[in-house]
Structures are given as C-alpha cells and as structure tokens.
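Take a look at the structure below.
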Amino acid sequence: MRIGELSARAGVSVRALRYYEEQGLLTSTRSASGQRHYTEYAVERVVFLQRMYAAGLSSRTIVELLPCVDSPSEETSDAALRRMAEERDRLSEHIADLIRTRDALDGLMATNRSHREGLRTA
C-alpha cells in the first residue's frame, strides 16, 4: 500500500509516517518512481508506535525497545522491560518535580491572597 493509504488506515499523518522512517521505526520499499510502498503489517506497526508515543516514550527509546518486537526472545523482552522501567522512573521523577512546582505556586497564590486581603482591610 502507498503512504496515503497507510496514513488513512493507521490514523496518522503522512508527515508522521515519514518521520517514523527517518527515525528507523518503520520501513518501506520504493517503486521505480520513488514512491513508498508498505506491507499490510505496517498498519499494525504504526498503531503500536502510536501506543509507545502515547506512553511518553521518545523515538530514541522506542528504537531501543523494537528488538523485543522484531526479534522476540527472553533476552530482548528482559531488556525492553528494564528500559521501560527506567522510563517509568524518569516520568515519576518528572511528576514529583511538577508537584513541587505546583505546591510552590500554591504558596505564592496564598501569599497574594493574604496580601490582597490586607489591602482591603487597610
């Protein structure tokens, strides 16, 4: 199938598909005129990639996880699980940082409210 059909069937933009190829996440063959052609499996692959992106993974991380999909074994599965755990830890730390930032903002807002109340009573 050509890139437009894959785009429609997978629900992603043509631009996204080109990006996936640039990042080594998706492959195609080329016709004599240079048009991309994909196998039926490409739809499933793109849907999988979308799930990985939705989980907060970067294209670089996804490339590291693909051996588990492309050459499944206990070794690749274990490596993928370790890498996903690292990403989960990174996200958890980011969430903790965001909570601290939100709490600091809450403190500033409380100070502002107190200051405004002081202005009203003065």
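For clarity, every value in this text was computed on a predicted model and none was experimentally measured.
A salt bridge is absent between Asp78 and Arg83: the closest approach of a Lys/Arg side-chain nitrogen to an acidic carboxylate oxygen does not fall below 4.0 angstrom. Under 4.0 Å is where a charged nitrogen must lie from a carboxylate oxygen, and between Arg90 and Glu93 no such pair does.
Applying the side-chain contact (heavy atoms from CB on, under 4.5 Å) test to Arg15 and every residue at least two apart in sequence or in another chain returns Ser13. Residues passing the side-chain contact (heavy atoms from CB on, under 4.5 Å) test with His94 are Leu98, sequence neighbours excluded. Applying the side chain to side chain donor-acceptor pair (under 3.5 Å) test to Glu22 and every residue at least two apart in sequence or in another chain returns nothing. Looking at residues two or more places apart in sequence or on another chain, you find a side-chain contact (heavy atoms from CB on, under 4.5 Å) between Arg60 and Ser58, Glu64.
Distance check, rounded to the nearest 0.5 Å: NE2 of His37 to CD of Gln35 gives 5.0 Å. Rounding to the nearest 0.5 Å gives a distance of 10.0 Å between CG of Leu26 and CG of Leu66. The CE atom of Met84 lies 12.5 Å from the CG atom of Asp89; values are rounded to the nearest 0.5 Å. Met1 contributes atom CE, which lies 14.5 Å from atom CZ of Arg36 (distance to the nearest 0.5 angstrom).
Residues Val47 and Leu57 fall into different hydrophobic clusters, defined by Ile, Leu, Val, Met, Phe, Trp and Tyr side chains chained together at heavy-atom separations under 4.5 Å. Residues Leu91 and Met52 do not share a hydrophobic cluster, clusters being chains of Ile/Leu/Val/Met/Phe/Trp/Tyr side chains in contact below 4.5 Å.
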Using a 3.5 Å cut-off and no angle test, enumerate the donor-acceptor pairs between side-chain atoms of residues 4-11 and protein atoms at least two apart in sequence or in another chain.
residue, atom, partner, partner atom, Å
Ser7, OG, Val12, O, 2.4
Arg9, NH1, Glu40, OE1, 3.3
Arg9, NH1, Glu40, OE2, 3.2
Arg9, NH2, Glu40, OE2, 2.2

Table please: side-chain donor-acceptor pairs of residues 104-122 below 3.5 Å, with sequence neighbours left out.
residue, atom, partner, partner atom, Å
Thr111, OG1, Gly107, O, 3.0
Thr121, OG1, Glu117, O, 3.4
Thr121, OG1, Gly118, O, 3.3

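Remark: side-chain polar atoms of Ser77 are not paired, donor with acceptor, to backbone N or O of Ser73 under 3.5 angstrom. Ser92 places a side-chain N or O within 3.5 Å of a backbone atom of Arg88 that can act as its donor or acceptor partner.
Minimum interatomic distance between Arg18 and Ile3 (heavy atoms only, all atoms of both residues): CG-CD1, 3.9 Å.
Between Tyr53 and Tyr20, the ring planes lie parallel to each other; the angle is under 30°, not in the 30° to 60° tilted range.
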- Quick one: do Tyr38 and Thr27 satisfy side-chain hydrogen bond (donor to acceptor under 3.5 Å, both in side chains)? Show the steps, please. CA-CA 7 Å; Tyr38 300 91; Thr27 59; over 6 Å; no
